[in-house]
Visitor: 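My structure is below; once you've seen it, I'll send some questions.
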Protein chains: 2
Amino acid sequence: MVTRRDVARLAGTSPAVVSYVLNDGPRGVAPATRERVLHAVDQLGYRPNRIASSLRTNRTMTLGLVVPDNTNPYFAELARAIEDVAFAEGYTLLLGNATDRAERENAYIQAFLDRRVDGILLIPSHDSVAAAAELARTGTPWVLMDRLLDLDGVPAVVLSDNRQGGRLATEHLIGHGRRRIACISGPRDVRNTSERVMGWRDALAATPLDPDAAPLREVPFDRFAGYRAARDILTRHDEIDAIFVASDEQALGVMRALGELGRTCPRDIALVSFDGVAASLLTTPTLSTIRQPVAALARHAVARILTQREEEPAPVETIVLPVELVARGSCGCPDVSDGVDYLDTEHEPA
Amino acid sequence: MVTRRDVARLAGTSPAVVSYVLNDGPRGVAPATRERVLHAVDQLGYRPNRIASSLRTNRTMTLGLVVPDNTNPYFAELARAIEDVAFAEGYTLLLGNATDRAERENAYIQAFLDRRVDGILLIPSHDSVAAAAELARTGTPWVLMDRLLDLDGVPAVVLSDNRQGGRLATEHLIGHGRRRIACISGPRDVRNTSERVMGWRDALAATPLDPDAAPLREVPFDRFAGYRAARDILTRHDEIDAIFVASDEQALGVMRALGELGRTCPRDIALVSFDGVAASLLTTPTLSTIRQPVAALARHAVARILTQREEEPAPVETIVLPVELVARGSCGCPDVSDGVDYLDTEHEPA
DNA sequence: TTGTAGGCGTTATCAT
DNA sequence: ATGATAACGCCTACAA
């Protein structure tokens with residue numbers, strides 16, 4: 001391994017000077033020396049050892065991200081957005097998949113802490129975070145994403161306006177003349193989900209349906225669960241003419257169920273879901289959905305961590321970003337029927 | 001920050017002994033002392049600093065993974081499988097999204113090398129890997145995954161039997177009585193793709209179609225490209241009655257195109273695709289596909305890296321794993337039509 | 001069985 | 001402007 005020493009020797013100077021050149025400071029270096037150093041670095045193919053540097057500076061230029069399930073397209077897209085902004089800031093991302101299990105979530109947080117990451121972004125799998133105390137103890141900057149939590153000492157939360165999204169979706173269905181609107185939502189111990197349900201209830205006030213008696217299923221965030229819930233609702237409640245689904249993933253399963261039950265979307269059952277993942281453009285009909293501002297969420301979360309490093313106080317704050325209804329085919333709006341629109345569609349999250 | 005020193009002081013012993021206890025060696029510790037140390041560790045909530053440890057031992061217990069696009073479900077599932085086995089071995093995964101760009105792929109490899117990861121798993125975005133030389137120079141264990149490469153000094157490659165897969169898929173379509181079978185494949189500079197095309201050509205020998213003249217489109221690995229290619233083929237070649245699509249992602253776009261063009265799948269156009277991602281279970285009809293052995297690929301790749309660390313010689317090897325045809329609705333086999341099968345389906349990769 | 005000390009490759013301070 | 005040198009926290013060979 002080639003170290004700074006070797007470079008210094010070849011350039012006829014001292015190791016410290018090599019650092020000054022490579023780090024542009026904290027002290028100046030004579031142009032001639034600088035030149036010799038740069039040349040030696042090049043010749044030897046020297047690359048500073050970031051481990052040693054981290055030990056010394058207490059910075060790893062690494063961020064840790066824990067997601068409930070990387071295989072879920074929404075988290076995949078969010079992770080990618082986060083990685084993009086982290087990369088642009090010179091950071092590398094450690095990734096942890098909790099696979100929806102608390103122990104694993106915890107194990108990852110510990111692993112990240114042990115590796116002295118500069119910050120942790122956490123999308124919690126459940127309503128509580130076992131490692132929260134540990135997190136607070138070490139003083140590592142962290143933010144909670146996507147979901148609220150009943151927890152003291154959370155420095156910051158970055159999420160979408162879930163309630164507003166649920167309301168927008170449901171109101172839009174009402175605008176299409178639907179009055180019997182069911183809801184398929186995520187597990188009850190995930191807070192963003194109950195917010196979406198509240199939005200749905202808010203909007204239901206304008207319909208004959210009793211918000212407290214309307215069909216509601218709280219099931220896991222995957223297609224299979226969505227599929228099952230839809231079959232269950234539709235076989236029991238014949239009057240239903242629309243469903244608000246709390247995630248695109250679940251909506252995919254719902255569409256499959258509609259097909260099997262001989263119901264046509266949107267004619268018999270209209271649908272609006274939540275998230276706005278790329279896959280929502282590929283169903284038939286295309287999925288109307290509440291788009292979450294993925295890129296903006298990522299930007300805020302990373303920015304928050306980075307500033308937290310520098311300044312001292314770190315005021316507690318909750319950042320709620322607005323969502324947007326994307327009306328396509330599944331709600332009854334015109335579908336993108338001839339490839340033209342479809343071809344030109346930019347599906348980069350805003 | 002609490003260090004080993006603090007623990008030693010509280011336990012009334014020396015820092016070295018603390019290490020011996022925590023690492024189970026290399027020397028024994030008297031039971032009584034061990035007890036006191038463990039107690040002190042617990043009381044202080046001490047966690048060893050892995051940065052310091054890494055500097056000393058030259059091991060980071062971290063692996064780097066570079067994928068072309070984490071948003072592609074196949075890579076997401078593969079990444080997850082890799083992470084699973086790495087985690088089980090006590091390793092944490094650094095994730096790099098190349099977003100299909102060579103500079104970014106390169107930047108990530110460099111970033112991983114600088115962080116002294118214990119090994120790198122690389123799914124190359126293109127036909128060449130700029131950082132290959134660097135990789136060889138540092139001696140960091142690495143494996144190539146998913147795609148072959150014309151490259152000297154690649155220590156190991158782990159991939160599926162792409163050609164066999166292409167053949168299986170096409171032969172199955174022929175078994176359904178199809179004779180005019182087009183192919184939508186990945187970009188030409190991605191090698192696994194051309195293998196799949198070769199398999200398709202192999203099987204075409206049993207049909208009236210001239211393998212060299214049969215409709216073939218080589219387009220990017222995303223739905224939109226698949227969509228466009230399908231429209232293009234179907235509007236030009238009226239005789240086509242089946243398509244072998246080189247990835248599930250592209251097949252999703254193909255299905256959308258079929259719908260828009262008024263062709264029914266599988267009646268008018270039968271489809272078999274490649275990868276076997278979870279999403280292939282949710283289309284209507286469900287997608288017949290060549291399933292890649294994701295978990296096995298992950299196991300082999302990680303195992304290879306881990307053994308490479310320990311032993312010296314590291315013989316060059318190419319590990320080709322067999323694929324499997326999953327016959328569902330899109331090829332003309334019975335679809336999973338009433339939820340029962342569907343509900344019980346285990347879609348965990350084998 | 002236990003304590004001491006050298007060194008991993010940096011960074012940054014202190015003299016020169 | 002530059003050269004030496006003391007940490008950073010841990011591991012382990014060596015001496016006691």
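Letters go in sequence order (proteins before strands), and every chain restarts at 1.
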Visitor: Rounding to an integer number of Å, can you tell me how far B:R115 CZ sits from C:dG9 P?
Guide: 19 Å
Visitor: Run the numbers on B:R115 and A:T62 for side chain to side chain donor-acceptor pair (under 3.5 Å), then give the verdict.
Guide: CA-CA 9 Å; B:R115 283 174 178 74; A:T62 302; 3.0 Å; yes
Visitor: Taking only side-chain nitrogens and oxygens of A:N49, does any of them come within less than 4.0 Å of OP1 or OP2 of C:dC8?
Guide: no
Visitor: Of the candidate nucleotides C:dG7, C:dT2, C:dT10, which contains the atom at the shortest distance from the side chain of B:R56?
Guide: C:dG7
Visitor: What is the separation between atom CG on A:N58 and atom P on C:dA12, rounded to the nearest whole Å?
Guide: 11 Å
Visitor: What is the distance, to the nearest angstrom, from the CZ atom on A:R5 to the C1' atom on D:dA4?
Guide: 11 Å
Visitor: To the nearest angstrom, how far is A:L55 atom CG from C:dC8 atom P?
Guide: 13 Å
Visitor: Ignoring backbone atoms, establish whether B:T13 has a side-chain N or O less than 4.0 Å from OP1 or OP2 of C:dG3.
Guide: yes
Visitor: For the pair A:T71 and B:E77, evaluate side chain to side chain donor-acceptor pair (under 3.5 Å) and give the outcome as yes or no after the intermediate values.
Guide: CA-CA 6 Å; A:T71 269; B:E77 289 182 16; 5.4 Å; no
Visitor: Using a strict 4.0 Å threshold on nitrogen-to-oxygen distance, state whether B:R147 and B:D127 make a salt bridge.
Guide: no
Visitor: For a quick check of understanding: with a heavy-atom distance under 4.0 Å over all strands, which category does A:P15 fall into, base, sugar-phosphate or nothing?
Guide: nothing
Visitor: Quick check: any donor-acceptor pair below 3.5 Å linking the side-chain of A:Y46 to the base of C:dT10?
Guide: no
Visitor: If you look at every strand shown and take non-hydrogen atoms under 4.0 Å, does B:A30 touch a base, only sugar-phosphate, or nothing?
Guide: sugar-phosphate
Visitor: Nearest heavy atom decides the nucleotide; on that basis, is B:A52 or B:V29 closer to the 5' end of DNA chain C?
Guide: B:V29
Visitor: Using only side-chain N and O atoms of B:S19, determine if any of them is under 4.0 Å from OP1 or OP2 of D:dC11.
Guide: yes
Visitor: Whole angstrom is fine here: how far is it from OH in A:Y20 over to P in C:dT10?
Guide: 14 Å
Visitor: May I ask you to establish whether A:R104 and B:F87 are in a cation-pi arrangement, using a distance under 6.0 Å from NZ or CZ to the six-membered ring centre and at most 45° from the ring axis?
Guide: yes
Visitor: With respect to the phosphate group of C:dG3, does any side-chain polar atom (N or O) of B:S14 fall under 4.0 Å of OP1 or OP2?
Guide: yes
Visitor: Counting heavy atoms from C-beta on, name the nucleotide in C:dC8, D:dG3, D:dC11 closest to the side chain of A:V17.
Guide: D:dG3
Visitor: Should we say atom CZ of A:R5 is surrounded by more than 12 heavy atoms from elsewhere, each under 6.0 Å from it?
Guide: no
Visitor: Would you indicate what A:T33 reaches in the nucleic acid, counting non-hydrogen atoms under 4.0 angstrom: base, sugar-phosphate, or nothing?
Guide: sugar-phosphate
